[in-house]
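In what follows, a structure is listed as structure tokens, so that the remarks can point back to it.
Start at 1 and go down the list; that is how both ligands and their atoms are numbered. Remember, it's a predicted structure, so these values are computed and weren't measured experimentally. Counting begins at 1 with the first residue of the sequence.
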Amino acid sequence: MTYIAKPKLHHPSLQTNRIGYTRRDYEGSVSTLCAGCGHDSISAAIVQACYNLNIEPHKVAKLSGIGCSSKAPTYFLGGSHGFNTVHGRMPSVLTGAALANRDLIYLGVSGDGDSASIGIGQFAHSMRRGVNMTYIVMNNGVYGLTKGQFSATADFGSKSKKGVTNTDSPVDLVALALQLGATYVARSFSGDKAQLVPLIEGALAHQGAAFIDVISPCVTFNNHAGSTRSYDYVREHNEAVNRIDFLVPGKEITTDYAPGTMQEVTQHDGSVLRLRKLHADYDASDRVAAMNHLQKHHAMGEIVTGLLFVDPKACDLHVHLNTVDVPLNTLDERALCPGSAALEAVNASLR
Ligand SMILES: Cc1ncc(C[n+]2csc(CCOP(=O)(O)OP(=O)(O)O)c2C)c(N)n1
Ligand code: SF4
Ligand SMILES: [Mg+2]
């Protein structure tokens, strides 16, 4: 048995959301990850975000690759569609599913090994194509599942548990996503639920490729002195550019901030991202400035978190390809086979 189902019974007075689900309804099986693993905190944040957004669990498709991080979807959204792909191949399977059925909400979950090594090509193309999805990397700087080898995101000069120094330059998936045209790019920390939950909510509401890199310490293989992915290191070097509040359409805006410290971004579906600026001069709508900011602060040893870039007018792969408005399996014979006159017209246009 590879997983333990949670008992379905729960206290009758548990709070429900607008569509009548409790938070428990968004959970999955009992986690078998190591106690204290950052990935479990990210799963909890995904549960909270879907509960807050009143999402029907069966409207979500969660896809992952291979790794402890890619096992995590077993531990949330037990009532959703799920597909555990081959190592590094989640993005292409997700792209195919999204093209076939545009009515689902796509959530890709991956690891730094899964996305920055074997799957880096797949990662890159899903970003540049603008696949309508939320892509979360649970980034611990190691291959946790295969016992702690450095991954491609491990910082130059950081030390492994055995004391070996990493001499390779790191791949920064956030910098890559920005360069490749992703239209919602954020970084967060598994230990900062208050920052992470609204970032996930904003990503789920975003139309286009939304990427969130979440630093997620591996307590078993990468939580020691000399690591730049340990709980202590990330807490000490976390440099948040903003804090976001996510407001669903129609929700009354009651919070109030001092002038000059707040930026409001209305997304395609009417949802509003309220960015409380911690760096007064940080502009999350400027892609080039975001890339410069990242590089500058990385050189200073800081981990920049927050919503780094958003294009509220983004469009997705369906718009680029001018696909039909409905899932492909709802097309009837007439739509799929428009007849000899239509075929003749196509042939004539090619002569
Ligand atoms: C094709 C293939 N190559 C190698 C492996 C071995 N393997 C399993 S998980 C993994 C790395 C996982 O690292 P990451 O994505 O960072 O996940 P984590 O366990 O750290 O969450 C590797 C190399 C595999 N399963 N399949
Ligand atoms: S080995 Fe590391 S990444 Fe895997 S479950 Fe344990 S703490 Fe998490
Ligand atoms: Mg990893």
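With 2.8 Å as the limit, Cys37 counts as an N, O or S neighbour of atom 8 (Fe) of ligand 2. The distance from the Mg ion (ligand 3) to the nearest N/O/S atom of Asn140 is under 2.8 Å.
If you check each of Asn222, Asn140, Thr146, Leu33 against atom 3 (S) of ligand 2, the one with the closest non-hydrogen atom is Asn140.
Less than 4.0 angstrom separates some heavy atom of Phe221 from each of these atoms of ligand 2: 1 (S).
At the Mg ion (ligand 3), the angle from O in Val142 to OD1 in Asp112 is 120° when rounded to 10°.
Within a 6.0 Å sphere centred on CD of Glu344, other residues, nucleotides and ligands contribute more than 12 heavy atoms. Heavy-atom contacts from other residues, nucleotides or ligands closer than 6.0 Å to NE2 of His268 number 12 or fewer.
Remark: Lys62 is positioned above the aromatic ring of Phe76, its terminal NZ or CZ atom under 6.0 angstrom from the ring centre and at most 45 degrees off the axis.
Taking CG from Asp168 and CZ from Phe150, the interatomic distance works out to 9.0 Å, rounded to the nearest 0.5 Å.
By the criterion of a heavy-atom distance under 4.0 Å, the side chain of Thr146, and not its backbone, is placed next to ligand 1.
Summary of contacts: the protein heavy atom closest to atom 5 (S) of ligand 2 is Cys34 N, 3.4 Å.
Judged purely by distance below 3.5 Å, without hydrogens or angles, the side chains of Tyr135 and Ser115 pair a donor atom with an acceptor atom.
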